[in-house]
Amino acid sequence: MYIFIVAEADNIVPELNKLIDLSDMFSCKLDSLIKEDLSASNEIYSEITIKKVKAFQMARYVMLTPNPENDVNAYIDNWAHQSGLLKFQPNAMRIGWDFPFVPPEMHTRFGIHGYVAAYILPEGFKTNYPGVEFANQKEADYAVITIYNPFIAIERIRNGYQKILTFLEANGFCEKPKKDILSCFEYVYEKEEIVCMDIYIHVESVSKTNSFTNFS
């Protein structure tokens, strides 16, 4: 229950600690909560489901830059055009995930981050066009959540990951990734003119609560 106080101007103002609680609930910064109209939490996130993702081949590329997500997405999109992939299958699925192996000094001193973008290759597509690494992914079970309008506030994406980890009763990712299985990845798309992000976390790549992990 949230308690509000009435200011001298007869305006109803929530107590500061309640505002902080509300900002956590609605997955937003405090100033966003005060200045913007926000959807309820159940309008931001779908229910979490477990999906079996079939094995697939992908073409992937990683970049380490101050803005790696946009940079590598532009690169892999160009590759998809030049290689003929998007002509072969115009709705080919592009996924991405953080690249964690960035030296701390590069991150703290130069603002360098890492991100990987990949296209899932449809059956029957062949190309010799260079510039990417081809990799195979095994069939695996993933916990999946959809975030609606994820880029309104970065906290929405962070909370999406946390919701899945809580659902899996985990406190982070295992230190040693599973062979030929992505620990997690994201898929961004539009549905009925709404930007959506699906977050996938491999159910066997997480560290259970109270177990050691340096990703916690």
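Keep in mind that what you see is a predicted model, and the values were worked out from it rather than measured.
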What pair of heavy atoms forms the shortest contact from Met58 to Leu182, and how long is it?
CE-CD1, 4.1 Å
For residues Pro150 and Arg156, report the shortest heavy-atom separation together with the two atoms involved.
O-CB, 3.9 Å
Roughly how far apart are Ile147 CD1 and Ile44 CD1, rounded to 0.5 Å?
9.5 Å
On the ring face of Tyr142, is Lys52 found with NZ or CZ under 6.0 Å from the centre and within 45° of the axis?
no
Is the backbone of Leu168 close enough, under 3.5 Å, to the side chain of Lys208 for a donor and an acceptor to pair up by distance?
yes
According to a hydrophobic-cluster definition based on side-chain heavy atoms being under 4.5 Å apart (Ile, Leu, Val, Met, Phe, Trp, Tyr only), do Tyr200 and Phe99 belong together?
yes
Drop me the distance from Phe173's CZ to Ser207's OG, to the nearest 0.5 angstrom.
11.0 Å
Full working for side chain to side chain contact (heavy atoms under 4.5 Å, CB included) between Asn159 and Tyr45
CA-CA 10 Å; Asn159 282 0; Tyr45 303 100; 3.2 Å; yes
Please assess Asp141 against Glu204 for the test side chain to side chain contact (heavy atoms under 4.5 Å, CB included), listing each intermediate value before the final yes or no.
CA-CA 8 Å; Asp141 290 330; Glu204 296 180 10; 5.7 Å; no
Interatomic distance, Gln162 atom CD to Ile164 atom CD1 [nearest 0.5 angstrom]
10.5 Å
For side chain to side chain contact (heavy atoms under 4.5 Å, CB included), just list the numbers for Tyr148 and Val195, CA-CA rounded to whole Å, side-chain angles, deciding distance to a tenth of an Å, and then say yes or no.
CA-CA 6 Å; Tyr148 303 103; Val195 176; over 6 Å; no
Donor-acceptor pair, distance only, cut-off 3.5 Å: does the side chain of Arg60 make one with the backbone of Val132?
no
Considering all heavy atoms of both residues, which atom of Glu193 and which atom of Glu190 are nearest to each other, and what is their separation?
CA-OE1, 4.3 Å
Are Phe88 and Phe134 co-members of a hydrophobic cluster defined by side-chain heavy atoms under 4.5 Å apart?
yes
Assess, by modelled atom type and distance only, whether the side chains of Asp71 and Tyr115 contain a donor and an acceptor separated by less than 3.5 Å.
no
Aromatic ring pairing Phe56/Phe185, orientation class (parallel under 30°, perpendicular over 60°, tilted between)
perpendicular
Are Cys184 and Tyr161 packed together at the side-chain level, in the sense that at least one heavy-atom pair is separated by less than 4.5 angstrom?
yes
Work out which heavy atom in His113 is nearest to a heavy atom in Pro66; give both atom names and the distance.
CD2-O, 4.0 Å
Measuring from atom CE of Met93 to atom OH of Tyr189, what distance do you get when rounded to the nearest 0.5 angstrom?
8.5 Å
Between Ser46 and Thr146 (side chain of the first, backbone of the second, donor and acceptor by atom type, cut-off under 3.5 Å), is there such a pair?
yes
Test salt bridge (charged side-chain N to carboxylate O under 4.0 Å, His left out) on Lys54 and Glu139; report intermediate values, then the result.
CA-CA 4 Å; Lys54 295 182 178 179; Glu139 182 177 273; over 6 Å; no
Nearest heavy-atom pair of Gly114 and Val102: which atoms, and what distance?
N-CG2, 3.7 Å
State plainly whether one hydrophobic cluster holds both Val72 and Val62, where clusters connect Ile, Leu, Val, Met, Phe, Trp and Tyr through side-chain heavy atoms under 4.5 angstrom apart.
no
Would you say the side chain of Ile201 lies within less than 4.5 Å of the side chain of Val206, judging by non-hydrogen atoms?
yes
Is there a donor-acceptor pair under 3.5 Å between the side chain of Arg94 and the backbone N or O of Val188?
no
Indicate if Trp97 and Phe101 have the same hydrophobic cluster label, given that clusters are the connected sets of ILVMFWY residues with side-chain heavy-atom separations under 4.5 angstrom.
yes
Distance-minimising heavy-atom pair for Lys163 and Ile145:
CD-CD1, 3.9 Å
Test side chain to side chain contact (heavy atoms under 4.5 Å, CB included) on Ile157 and Phe151; report intermediate values, then the result.
CA-CA 8 Å; Ile157 300 174; Phe151 302 113; 4.0 Å; yes
List the atom pairs, donor and acceptor, that lie under 3.5 Å between side-chain atoms in residues 116-130 and the rest of the protein, sequence neighbours left out.
residue	atom	partner	partner atom	Å
Tyr119	OH	Asp77	OD1	2.7
Thr127	OG1	Tyr129	N	3.0

Gap separating the CD atom of Gln57 from the CG atom of Asn136, nearest 0.5 angstrom
5.0 Å
Contact between Val144 and Ile50 at the side-chain level, heavy atoms closer than 4.5 Å - yes or no?
no
So, taking the atom named CD in Glu69 and the one named CD in Glu186, what distance separates them when rounded to the nearest 0.5 Å?
6.0 Å
Ile95 and Tyr75: same hydrophobic cluster, using ILVMFWY side-chain contacts below 4.5 Å?
no
